[in-house]
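Step one of this worksheet: look at the structure below.
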Amino acid sequence: MPTISREQIKADIAEAAGLEPEQISDDTNLRDAGLDSIRLMSLVEKWRAAGVQGADFVTLASSPTLGTWIAEFSSVDAAADAQTAR
């Protein structure tokens with residue numbers, strides 16, 4: 001099963017928005033932070049190509065916060081964290 005960690009999601013968002021990962025909290029409105037629809041679509045395509053389930057443009061665009069996105073990817077994120085702990 002393809003996996004993605006919370007840290008990777010945050011790093012991908014930060015890179016797309018021109019931010020440092022430390023500038024993004026769970027409540028940061030990513031649209032206000034510079035993540036426009038074109039950048040979001042690029043992230044969705046990147047994550048889909050990596051096999052991440054839950055990477056849906058409409059869902060992510062409707063709630064543009066890291067916390068919401070992590071919840072969408074929670075099963076994938078939990079699997080990535082479990083592999084990291086090994």
Side-chain angles (χ1 to χ4, degrees):
M1 172 183 207
T3 59
I4 189 168
S5 69
R6 181 184 211 291
E7 290 76 27
Q8 186 61 54
I9 293 168
K10 195 172 182 177
D12 289 346
I13 293 167
E15 181 180 351
L19 302 169
E20 294 297 322
E22 301 80 35
Q23 294 177 279
I24 300 172
S25 71
D26 283 356
D27 298 326
T28 301
N29 183 310
L30 301 171
R31 190 175 316 125
D32 291 345
L35 191 69
D36 60 24
S37 60
I38 301 297
R39 291 180 177 111
L40 175 55
M41 183 56 76
S42 295
L43 286 173
V44 168
E45 291 304 316
K46 176 181 182 173
W47 293 332
R48 282 183 181 169
V52 175
Q53 295 184 9
D56 174 71
F57 178 83
V58 173
T59 301
L60 301 182
S62 68
S63 296
T65 64
L66 176 64
T68 302
W69 293 8
I70 295 296
E72 289 295 321
F73 301 147
S74 64
S75 63
V76 177
D77 187 49
D81 291 342
Q83 285 185 347
T84 303
R86 291 183 188 168

Partners meeting side-chain hydrogen bond (donor to acceptor under 3.5 Å, both in side chains) with Ser42 (sequence neighbours left out): none
Point-to-point distance, once rounded to the nearest 0.5 Å, from CG of Asp12 to NZ of Lys46: 3.5 Å
Pairwise ring-ring contact (aromatic ring centres under 6.0 Å, His included) hits with a residue in residues 15-63, at least two apart: Trp47-Phe73
For the student: nearest non-hydrogen atoms of Ala55 and Val44, plus distance: O-CG1, 3.5 Å
Contacts of type side-chain hydrogen bond (donor to acceptor under 3.5 Å, both in side chains), residue Asp26, not counting sequence neighbours: Arg6
Sequence neighbours excluded, every pair satisfying salt bridge (charged side-chain N to carboxylate O under 4.0 Å, His left out) that has a member inside residues 30-43: Asp36-Arg39
From CD1 (Ile38) to CG (Leu43), nearest 0.5 Å: 12.0 Å
Residues Lys10 and Glu7 bridged, charged N to O under 4.0 Å: no
Set of salt bridge (charged side-chain N to carboxylate O under 4.0 Å, His left out) partners for Glu15, sequence neighbours left out: none
Nearest non-hydrogen partners of Pro21 and Ala14, listed with the distance: N-CB, 3.7 Å
Backbone of Glu20 reached by a side-chain donor or acceptor of Gln23 within 3.5 Å: yes
Interatomic distance, Leu19 atom CG to Leu30 atom CG [nearest 0.5 angstrom]: 8.5 Å
Contacts of type side-chain contact (heavy atoms from CB on, under 4.5 Å), residue Ser62, not counting sequence neighbours: none
Spatial distance of atom CG (Leu60) from atom OG1 (Thr65) [nearest 0.5 Å]: 10.0 Å
From Leu35 atom CG to Leu66 atom CG, the distance as rounded to the nearest 0.5 Å: 11.0 Å
